[in-house]
There are 2 protein chains.
Amino acid sequence: MHYTRDNMAGLLRSHDINPTHQRIEIAHALFSRQEHLSADQVMAIVNTRHSETSKATVYNTLKLFLEKGLVREVIVDPSKVFFDPNTSPHHHLYEVDSGKLSDIDAEHVVISGLPPLPAGMVTEGIDLIVRVRRTS
Amino acid sequence: MHYTRDNMAGLLRSHDINPTHQRIEIAHALFSRQEHLSADQVMAIVNTRHSETSKATVYNTLKLFLEKGLVREVIVDPSKVFFDPNTSPHHHLYEVDSGKLSDIDAEHVVISGLPPLPAGMVTEGIDLIVRVRRTS
DNA sequence: CCGGATATTAGACAAAGTCCAGATCGGCGA
DNA sequence: TCGCCGATCTGGACTTTGTCTAATATCCGG
C-alpha cells in the first residue's frame, strides 16, 4: 500500500473526516513516514517548501485525527507529545538520551496479574513504555 | 513511620542531600501525603501560609530528589509531570477525565515476552500505565 | 569573624499548546 | 455561472510549564 495523497483522501473519508488540503498533507506526513512525530515536526514537514499550514490548523487537525482514531498519542517526554500513525496494539521503546521512539509489537507481550478495575471504570488503553539508555 | 519534618531531615541525609529548610518542606509535602503531586501543587502546598519557597527552588529541588532516587517521575499527562514519593516498583492507574493517578502494586503483575533490547542499551525503567475512564 | 562553597531568589525567557475573531474555501441550489 | 452558508483555516495574542541567570543569602570550617 502506497501512501499517496490520493489514498490519504480515502483514508480520511473512511474515518469520517472531511479531506481538505491541509488534512491530506498532515496525514501524508505521518503515514508516508510511518514514524512518531511531534506537532512541531509535522508543522516543519508540511511547511518545507513555503508556509502552507498554520500552527492552529496543525494542532486542530492532530486532535481531530486523535478523536477519530486515525492516530494515537504517545506520552513519553514531558516536553512534547508524539503522534503515532500505527493504531494497532503495540508498545513503545524510548531511548532516553536520543529521544528516539520505536514500536514494540504487542503480539508476543503478555501482561498478567493486573488487579480488577475500580467499579464503573473501563480501560481506555494500556501504555507500556520501556525506557532505555546507552551503556556509558 | 511518621513523616515529621525531623524525619525528613534524616531521609534527605540518607540520600546524600543537604537538608535545608526548603528541601525539608518539599519532602514533607510529598511524603506526608504519599500522593502524586505536580511541581505546581508542591509549590502551592509549600507556600500556603506565606510565600516561603521560590519556583526555581521547587523545580531545582524536585530535580535533585529525582537524581538522588528519592522520588520518581510519572509522565501521564502531556501538560505536567507528577512526582511520586513511592519509589518501590509499581505501576499506575490514570483516570483520564478526573486526572486522578493511583498506584498499582507491581508484586503480582508479570510482563513477559518483551523482545531483547538493542545492543548497547540498558533498561532504565518500565512504565506501565492503565488509562481508564468512567463508563458514561 | 572571614571566605568560599552551596542554596535560594526574582524575574526574564523559552517552548508547547490553546483560543478567538475574522478571512477563506468549497460545494450546492438556482 | 453566481451567490450563499457552513465548515475550515489563519495570525497572533495568550497561557502554562518549565528553564536560566545573575545577584543575594546562608552555612560551615578554620
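Naming: A, B, ... by sequence-line order, numbering from 1 per chain.
Here B/K100 pairs with B/E95 in a salt bridge; the nearest charged N to carboxylate O distance falls below 4.0 Å. Note on B/R133 versus B/D97: no salt bridge recorded, every NZ/NE/NH1/NH2 to OD/OE distance being 4.0 Å or above. With salt bridges taken as basic N to acidic carboxylate O contacts below 4.0 Å, none links A/K80 and A/D40.
Put simply, CE on A/M43 is 13 Å from C1' on C/dT18, counting in whole angstrom units. The distance from atom CD1 of A/I24 to atom C1' of D/dC9 is 15 Å, rounded to the nearest whole Å. When rounded to the nearest whole Å, the span between CZ of B/R23 and C1' of D/dA25 equals 14 Å. A/F83 places its CZ atom 10 Å from the C1' atom of C/dG17, with the value rounded to the nearest Å. Residue B/Y59 contributes atom OH, which lies 9 Å from atom C1' of D/dT19 at whole-angstrom precision. Between A/E25 atom CD and C/dC25 atom C1' the separation is 16 Å, expressed in whole Å. Between A/I17 atom CD1 and D/dA7 atom P the separation is 16 Å, expressed in whole Å. Atom NZ of B/K68 and atom P of C/dT6 are 12 Å apart (whole Å).
Within the structure, every side-chain polar atom (N or O) of B/S79 is placed at least 4.0 Å from both OP1 and OP2 of D/dT16. Side-chain N/O atoms of A/N60 include none lying less than 4.0 angstrom from OP1 or OP2 on D/dC9. Under 4.0 angstrom from either OP1 or OP2 of D/dT26 there lies no side-chain N or O belonging to B/H21. In this structure, A/N18 reaches the D/dT8 phosphate: one of its side-chain N or O atoms is under 4.0 Å from OP1 or OP2. Contact annotation: B/S54 side-chain N/O to C/dT9 OP1/OP2 distance is under 4.0 Å. The phosphate of C/dT9 has OP1 or OP2 within less than 4.0 Å of a side-chain N or O from B/Q22.
Counting non-hydrogen atoms under 4.0 angstrom, A/S38 reaches nothing in the nucleic acid. Counting non-hydrogen atoms under 4.0 angstrom, A/T20 reaches the backbone sugars and phosphates but no base.
In this structure, the nucleotide among C/dG11, D/dT10, D/dT19 sitting nearest to the side chain of A/A56 is D/dT10.
Between A/H36 and A/H92, the ring planes are perpendicular. Angles over 60° get that label, and only those under 30° would be called parallel.
Position along DNA chain D of the nearest nucleotide to A/V58 versus B/A39 favours A/V58 as the more 5'-ward residue.
Residue B/F83 comes nearest to B/L30 through the heavy atom pair O-CD2, 3.8 Å, listed as atom of the first residue, atom of the second, then distance.
Judged by atom type and distance alone, A/K55 reaches the base of C/dG17 through a side-chain donor-acceptor pair under 3.5 Å.
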